[in-house]
Student: 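Structure in C-alpha cells, see below.
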Number of protein chains: 2
Amino acid sequence: MSENGTTRKRDAAATKEALLAAATELFTTRGFDRTSVRDIAALAEVNQALVFRYFGSKEALLGAVVTAPGRALLAETPPGRLLATLVRETLAQEPGGASGNLLLLALSGPQDGGAAEVLEREVAEPLRAALTARTARPDAELRAELVCAWLLGLALTRHLRTDGQLAKADPETASTLVLDVVTTLLGAESESPTATDR
Amino acid sequence: MSENGTTRKRDAAATKEALLAAATELFTTRGFDRTSVRDIAALAEVNQALVFRYFGSKEALLGAVVTAPGRALLAETPPGRLLATLVRETLAQEPGGASGNLLLLALSGPQDGGAAEVLEREVAEPLRAALTARTARPDAELRAELVCAWLLGLALTRHLRTDGQLAKADPETASTLVLDVVTTLLGAESESPTATDR
DNA sequence: TACCGTTGTAACCAAGTGCTTACAACACTG
DNA sequence: CAGTGTTGTAAGCACTTGGTTACAACGGTA
C-alpha cells in the first residue's frame with residue numbers, strides 16, 4: 001500500500017504517462033543529474049521501482065522524454081514550412097519556458113545516442129536539407145548551417161535572457177528581421193523575401 | 001602520507017592552481033554533477049579535503065573556474081575589436097574543444113549567480129554595448145542581440161557538430177560570410193564591410 | 001471457484017556523494 | 001630550542017543515488 005494506505009489503481013498506460021510527464025517536468029527544470037528517480041516517482045505519485053519496470057533505466061527515461069517532441073514536430077510540419085515555422089515558433093516561445101529548457105537539456109546531455117543525436121536527426125538535418133535545396137550556390141550547405149546556428153542561438157537567447165530585447169520585442173517584427181537576413185544569406189531567389197518558405 | 005608514501009611539498013599556491021586546472025578540465029568534459037570532488041583531487045594529485053580548504057565548496061570551485069576566462073578575454077581585447085575577434089575566434093576554435101564545453105557548462109548551470117551570469121556581465125553585455133553604439137537605428141539593441149544570438153549559435157554548432165560544414169569550412173571564409181551579413185543587419189555604415197571593426 | 005500473468009509496494013543493497021574533523025608534518029619566528 | 005600558524009593526510013559521517021528483489025493485490029480467464 002502507498003503512503004495514504006490504499007493500493008493504486010492498476011493502469012499501466014496511465015502510470016507510464018504520468019512518469020513521462022513528471023520526468024519531462026523535472027529534467028527540464030533541474031537537469032538530468034539533479035533529478036532523482038525518487039523525485040520523478042514522487043511527482044508522478046507512483047512507486048519508484050516502476051520507473052525501472054517501464055523504462056528500464058533512468059537514462060532510457062531521458063531518451064523517451066527527449067525523443068517525443070522532436071518526432072512530433074517533424075511529423076506535423078511539412079518540410080517546406082520548417083524554416084518559417086521554426087523561426088516564428090522560436091521567437092514566440094515564452095522566455096524561460098519549457099521548450100528552451102528541453103533544448104538545453106538535449107545539448108548538454110551525452111553526445112552519442114543521446115538527446116542531441118535525436119534532435120540532429122529529426123530536426124536539424126531535415127531543416128538543413130530543406131534550406132540547402134533552396135539555393136544553387138556552391139557553398140549552400142555551409143550557408144544552411146549558418147542559418148541553423150542562428151536559429152539555435154536565437155532559441156537559447158530568448159530562453160536565457162528573459163528580460164533582453166529579444167524577449168521584449170514583438171515576435172513578428174523580430175521574425176521579419178531574421179527572415180530578411182536569412183533570405184539574403186541563402187540568396188534572394190524569391191521576389192518577396194518576407195514571404196519565403198510558403 | 002600520500003599513496004606513494006611521501007608527504008607532498010608544501011606550496012599552497014601551486015596546489016590551488018593544480019586544483020583549478022583539474023576542475024576546469026573535468027567540469028568542461030564531464031559536467032558539474034558528474035564530476036566528484038575526489039575526481040578533481042585525484043587529477044590534481046592532491047588530497048580532496050584541500051578543495052574545501054582552498055575554495056570552501058564544490059560550487060565555489062565552479063565559480064572560480066568559470067569566472068577566469070571571461071575576465072581574461074575582456075581584459076585583453078579592446079571593445080572596438082570585440083565583434084571581429086569573437087567571430088574569428090569562435091569560428092577558429094577546435095570543434096569539440098574545451099572552450100565550447102565551458103560555454104555549455106556555463107549555460108546549463110544555475111541561472112542566478114552562476115556561470116551564465118558572469119558570462120553575461122563580462123562578455124555579452126559589453127559586446128552588445130559595442131554593437132549597439134555602431135548603429136543609429138532605433139532598434140539597434142534588438143539587432144545587436146540578434147547578432148549575439150548568432151554568435152552563440154555558431155559557437156555551439158561548431159562545438160557540437162564536429163563533422164558539420166562549419167567545422168570543415170575555412171574559418172576565414174566563414175568569418176567573412178558572417179561578418180558581411182552582420183554588417184548588413186547592423187546597417188552598413190562602413191564602405192568596406194569585410195574589414196569592419198578595425 | 002482456482003489459477004495466473006500483470007501491476008503495485010516496501011525493504012533493501014552497494015556504491016558514491018559533499019563535507020568535516022582530528023591529527024601529523026612542516027616552515028617559520030622568537 | 002620551544003612555540004605557532006600553515007599545509008597536507010586519513011578516516012569517517014550522514015546522506016543520497018540507481019537499481020534489485022521478494023511479495024502482495026488485483027483482474028481476467030477457464
Side-chain angles (χ1 to χ4, degrees), chain A residues 1-24 26-27 29-66 105 109-110 113-115, chain B residues 1-24 26-27 29-66 105 109-110 113-115:
Chain A
M1 42 181 106
S2 64
E3 54 210 4
N4 57 19
T6 66
T7 308
R8 197 140 219 278
K9 201 181 154 205
R10 295 163 62 92
D11 186 343
T15 64
K16 206 172 161 181
E17 198 153 338
L19 242 12
L20 204 65
T24 304
L26 292 179
F27 282 162
T29 52
R30 298 186 201 168
F32 182 73
D33 291 305
R34 297 183 123 87
T35 302
S36 76
V37 170
R38 285 168 176 83
D39 291 339
I40 299 169
L43 183 60
E45 295 183 295
V46 147
N47 189 283
Q48 63 75 36
L50 296 181
V51 166
F52 301 96
R53 182 192 291 288
Y54 289 122
F55 295 93
S57 72
K58 187 192 177 188
E59 203 93 31
L61 215 199
L62 173 67
V65 162
V66 125
L105 175 68
Chain B
M1 42 180 106
S2 62
E3 56 210 2
N4 56 20
T6 65
T7 307
R8 198 141 220 276
K9 200 181 154 204
R10 293 163 64 90
D11 186 343
T15 64
K16 205 173 161 180
E17 198 153 337
L19 242 12
L20 205 64
T24 304
L26 292 179
F27 283 163
T29 52
R30 298 188 201 168
F32 181 73
D33 291 304
R34 297 182 123 89
T35 302
S36 76
V37 170
R38 286 170 176 83
D39 292 338
I40 299 169
L43 183 60
E45 295 183 297
V46 146
N47 189 284
Q48 56 94 19
L50 296 180
V51 167
F52 301 96
R53 183 191 292 288
Y54 290 123
F55 295 94
S57 73
K58 187 191 175 188
E59 204 94 31
L61 216 199
L62 174 68
V65 162
V66 125
L105 176 69

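Keep in mind that what you see is a predicted model, and the values were worked out from it rather than measured. Chain A is the first sequence line, chain B the second, and so forth, proteins listed ahead of strands; every chain is numbered from 1.
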Student: Rounded to the Å, how far apart are K58(B) NZ and dT20(C) P?
Tutor: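 Going from K58(B) (NZ) to dT20(C) (P), I get 15 Å.
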
Student: Is there a side-chain contact between T15(A) and the phosphate of dG8(C), meaning an N or O under 4.0 Å from OP1 or OP2?
Tutor: yes

Student: With sequence neighbours excluded, tell me which residues meet side chain to side chain donor-acceptor pair (under 3.5 Å) with S36(A).
Tutor: D39(A)

Student: In whole angstrom, what separates L19(B)'s CG from dG8(D)'s P?
Tutor: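 In whole Å, dG8(D) P and L19(B) CG are 10 Å from each other.
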
Student: Within 45° of the ring axis of F27(A) and under 6.0 Å from its six-membered ring centre, is that where the NZ or CZ of K58(A) lies?
Tutor: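 Not flagged: K58(A) not positioned over aromatic ring of F27(A).
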
Student: Take the protein atom CD of Q48(A) and the nucleotide atom P of dA11(C), then report the distance between them rounded to whole Å.
Tutor: 12 Å

Student: More 5' along DNA chain D: F32(A) or A49(A), using each one's nearest nucleotide?
Tutor: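 Mapping each residue to its closest nucleotide by heavy atoms, the 5'-most match is F32(A).
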
Student: Pairs under 3.5 angstrom only: tabulate donor-acceptor contacts from the side chains of residues 48-56 of chain B to other protein residues two or more places apart or in another chain.
Tutor:
none

Student: Report the distance from atom CZ of R34(A) to atom P of dT16(D), rounded to the nearest whole Å.
Tutor: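 So the two atoms are 15 Å apart, to the nearest Å.
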
Student: I want to confirm an ordering. Mapping S57(A) and R53(B) to their closest nucleotides on DNA chain D, which one lands closer to the 5' end?
Tutor: R53(B)

Student: Evaluate T15(A) against N47(A) for side chain to side chain contact (heavy atoms under 4.5 Å, CB included), listing each step before the verdict.
Tutor: CA-CA 10 Å; T15(A) 64; N47(A) 189 283; over 6 Å; no

Student: Using atom CZ of R38(A) as one end and atom C1' of dT20(D) as the other, report the distance to the nearest whole Å.
Tutor: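 Between C1' of dT20(D) and CZ of R38(A): 11 Å.
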
Student: Report the distance from atom OH of Y54(A) to atom C1' of dG8(C), rounded to the nearest whole Å.
Tutor: 8 Å

Student: Separation of L50(B) atom CG from dG18(C) atom P, in whole Å?
Tutor: 15 Å

Student: Take atom CZ of F52(B) and atom C1' of dT21(C), then tell me their distance rounded to the nearest Å.
Tutor: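 In whole Å, dT21(C) C1' lies 13 Å from F52(B) CZ.
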
Student: Does the side chain of S36(B) get closer than 4.0 angstrom to OP1 or OP2 of dG16(C) through an N or O atom?
Tutor: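 Answer no for this pair, as no side-chain N or O of S36(B) is under 4.0 Å from OP1 or OP2.
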
Student: Mind checking if F55(B) touches a base, just sugar-phosphate, or nothing, with heavy atoms under 4.0 Å?
Tutor: nothing

